Q: 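Dumping the structure here so I can ask a few things about it.
Quick note on labels: first sequence line is chain A, next is B, and so on, each numbered from 1. Bear in mind the structure is a predicted one, so any value in this text is a computation, not a measurement.
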Amino acid sequence: MVLDDGEENQGLFDDLLSGEPIFENKEVLRPSYTPHELPHRNDQINRMATILVSALRGETPSNILIYGKTGTGKTASAKFVSQELESTSQKYDVPCEVEYINCEVTDTQYRVLAQLANTFIEKNQRIIANRLDHYRDRRSAAIDDPTVLTDTEFETLDDLDDRIDELEADAEEMEEVPMTGWPTDRVYSTFFEAVDYHERVVVIMLDEIDKLVEKSGDDTLYNLSRMNSELDRSRISIMGISNDLKFTDFLDPRVKSSLGEEEIVFPPYDANQLRDILQHRADIAFKQDALTDDVIPLCAAFAAQEHGDARRALDLLRTAGELAERSQAEIVAEKHVRQAQDKIELDRVVEVVRPLPTQSKIVLFAVILLEKNGVHNINTGEVFNIYKRLCEEIDADVLTQRRVTDLISELDMLGIVNAVVVSKGRYGRTKEMGLSVPVEETEAVLLSDSRLGDIENAQPFVQARFDN
DNA sequence: TATCCACCGGAAGATATGGGTC
DNA sequence: GACCCATATCTTCCGGTGGATA
């Protein structure tokens, strides 16, 4: 862009950069940050450390199950202990590794095993490459002066060559597991061989383990928990993290007893504890005197209402800071926290609704239309009727009512609608539902989807149903 | 008290897709 | 190219369900 008549050329970002920044280090307020100190979680951290210390003695630690609601510091504490464990293992030269898997993303047996197999294959290849470098250097030296092999594991140059060939063959044999296509037992044996390639204790951290069990049953946990009896060189231990206290009810009793050898519960934080946590992070995240006195108590109070969710509290504080910075305010004030609360709520709707499959969006649109037409206690039959009309109008496939009830249940689980099964006696049994998200904003997100663009034109046809 | 409604929701299987192996 | 495997999505079938009503 060219600015006229000799004005000083102010770039797009110059204005934004000209104000005093409020943040010193915003990253410490993000969920991905693992803090060095976790206030009010000493007991749980010490308990984990007491259990895992046996890994540093080369023994197999007991499997651990960690429970607690969202934002109670489970993952952060477990990651903190893992980092400490790995750094201590390096200090004392004990082979001990922790592998983190988020089961919300990696939610099938195949994917979990494939991810683990590929991680260990990569590690083994690095180890082999280092050893090869070392042996090749030694070989070069031995060609000039064969006495360098004296007092080593190799008596002759041929022995050394054999070892190099062996390692090269090992590296070649290690084949990465593809995203799909292999039978699961082949993926399992590939992982088994990769992890057992050399002596080590491995802690497999399965975050949101309940999602894995919900989606693909307990086969993965069964296979992992019985591996130790077959491994020669290595040992594995499982650390499961779950939001759901009852997920073990669905497990095979053998898996249940093996997995829950040790259980650690993370209770929700109260408002005072949240205030401590926020203060702790705010000291690092913000410039001095960048917050008014009421900002942290308000963030803590909002988050305490959300079942003591520290992640929410930190999110709120970060967003309030960003909003203050955007409005070029010098300090973060109470109004920014309130604006942040609204923004987070709206962002959540957009984030959940936008990626929905088209069919779910049509079902949701049917619920919105009913709600906008003043229908209270919307039931499955009504939703299905409107849904069919909408599909016809926009030329989409019409799914069966059975499938639509599943889509409604999914919307319920996502917190977009609130559905309850009610019996109306002679008038049958159905699900009654209402929207749990703002109508206008949700409708706008749905209409922004090009595949649903025509749905706006279909509304008069649906309206006619209410007029008749 | 038996009947009935309008679904719910589990189970099994079909189909499609994306990948691999031989 | 035929076949195998994992996964996602969807259909079909069918046994509940529970409170109003006859």
Q: So which heavy atom on A/Leu85 is nearest to which on A/Leu52, and how close?
A: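 Smallest heavy-atom distance, with atoms named: CD1-O, 3.8 Å.
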Q: Could you state the atom-to-atom distance from CG of A/Leu113 to C1' of C/dA6 in whole Å?
A: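 Rounded to the whole Å, the gap is 13 Å.
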Q: In whole Å, what is the span from the CE atom of A/Met179 to the C1' atom of B/dT21?
A: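 Checked: the CE to C1' distance equals 19 Å.
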Q: May I ask you to verify if any side-chain N or O of A/Tyr427 is less than 4.0 angstrom from the OP1 or OP2 atom of C/dG19?
A: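 The answer is no; no side-chain N or O of A/Tyr427 sits under 4.0 Å from OP1 or OP2.
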Q: Any non-hydrogen side-chain atom of A/Met179 less than 4.5 Å from a side-chain atom of A/Tyr110?
A: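 Counting from C-beta outward, A/Met179 and A/Tyr110 never come under 4.5 Å.
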Q: Kindly say if A/Thr180 contacts the phosphate of B/dG20, meaning a side-chain N or O under 4.0 Å from OP1 or OP2.
A: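 For B/dG20, OP1/OP2 do not have a side-chain N/O of A/Thr180 under 4.0 Å.
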Q: Among B/dA11, B/dC7, C/dC10, which nucleotide sits nearest the side chain of A/Gln359?
A: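 For A/Gln359, the side-chain atoms sit closest to C/dC10.
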Q: Would you kindly give the CD-to-P distance between A/Gln109 and C/dC5, to the nearest whole Å?
A: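 My rounded result for the distance is 15 Å.
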Q: Specify the residue among A/Asp406 and A/Pro178 whose closest nucleotide of DNA chain B lies further upstream toward the 5′ end.
A: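 Between the two, 5'-proximity favours A/Asp406.
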Q: When you get a sec, tell me which of C/dG19, C/dT12, C/dT7 is the closest nucleotide to the side chain of A/Thr400?
A: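 Nearest to the side-chain atoms of A/Thr400, counting from C-beta on, is C/dT12.
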Q: Rounded to the Å, how far apart are A/Lys361 NZ and C/dT9 P?
A: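 Distance, rounded to whole Å: 14 Å.
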Q: Starting from P on C/dG18, measure out to CD on A/Glu432 and report it in whole angstrom.
A: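 Rounded to whole Å, this separation is 16 Å.
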Q: For A/Ile408 and C/dC10, what is the distance between atoms CD1 and P respectively, to the nearest whole Å?
A: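 Atom-to-atom, A/Ile408 to C/dC10, this comes out as 14 Å.
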Q: C/dG16, C/dA8, C/dA20: which one has an atom nearest the side-chain heavy atoms of A/Arg426?
A: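 Closest of the options to the side chain of A/Arg426: C/dA20.
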Q: Where do A/Ile209 and A/Gly240 come nearest, in terms of heavy atoms and distance?
A: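 Scanning both residues, the minimum pair turns out to be CD1-CA, 3.9 Å.
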Q: Salt bridge or not for A/Arg233 and A/Glu199, using N-O below 4.0 Å?
A: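 Between A/Glu199 and A/Arg233 there is no salt bridge, as every charged N stays at least 4.0 Å from the carboxylate O atoms.
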Q: To the nearest 0.5 angstrom, please state how far the CD1 atom of A/Ile277 sits from the CZ atom of A/Arg311.
A: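 So the gap between those two atoms works out to 12.5 Å.
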Q: Name the residue closer to the 5' end of DNA chain B, choosing between A/Arg186 and A/Thr430 according to the nucleotide with the nearest heavy atom.
A: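 Nearest nucleotide further toward 5': that of A/Thr430.
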Q: For A/Glu410 and B/dG9, what is the distance between atoms CD and C1' respectively, to the nearest whole Å?
A: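 About 13 Å, once rounded to whole Å.
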Q: Would one find a side-chain N or O of A/Trp182 under 4.0 angstrom from OP1 or OP2 of B/dT21?
A: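 Checking A/Trp182 against B/dT21: at least one side-chain N or O falls below 4.0 Å of OP1 or OP2.
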Q: Whether the side chain of A/Arg402 and the base of B/dG10 hold a donor-acceptor pair under 3.5 Å is what I'd like checked.
A: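 Answer yes: a donor N or O sits under 3.5 Å from an acceptor.
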Q: Could you check how far CD of A/Glu382 sits from P of B/dA6, rounded to whole Å?
A: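 About 12 Å, once rounded to whole Å.
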Q: Can we say A/Asp107 and A/Arg111 salt-bridge, meaning some charged N sits less than 4.0 Å from an Asp/Glu carboxylate O?
A: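 Result for this pair is yes, salt bridge flagged.
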Q: With a 4.0 Å limit, can you tell me whether A/Thr380 has a side-chain N or O closer than that to the phosphate oxygens OP1/OP2 of B/dC8?
A: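 So the side chain of A/Thr380 is within the cut-off, an N or O lying under 4.0 Å from OP1 or OP2 of B/dC8.
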Q: Would you say A/Arg403 places a side-chain N or O within less than 4.0 Å of OP1 or OP2 belonging to C/dC10?
A: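 The answer is yes; a side-chain N or O of A/Arg403 sits under 4.0 Å from OP1 or OP2.
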Q: Just to confirm, is there a sub-4.0 Å distance from OP1 or OP2 of B/dG9 to any side-chain nitrogen or oxygen of A/Lys431?
A: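 Yes.
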Q: Which one, C/dA6, C/dT7, C/dG18, comes nearest to the side chain of A/Thr184?
A: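 Among C/dA6, C/dT7, C/dG18, the one nearest the side chain of A/Thr184 is C/dA6.
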Q: Select one nucleotide: of C/dA8, C/dC10, B/dG20, the one nearest the side-chain heavy atoms of A/Leu399.
A: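 Comparing C/dA8, C/dC10, B/dG20 against the side chain of A/Leu399, the answer is C/dC10.
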Q: Could you tell me whether the phosphate oxygens of C/dA8, OP1 or OP2, come under 4.0 Å of any side-chain nitrogen or oxygen in A/Arg111?
A: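 Yes, within the criterion.
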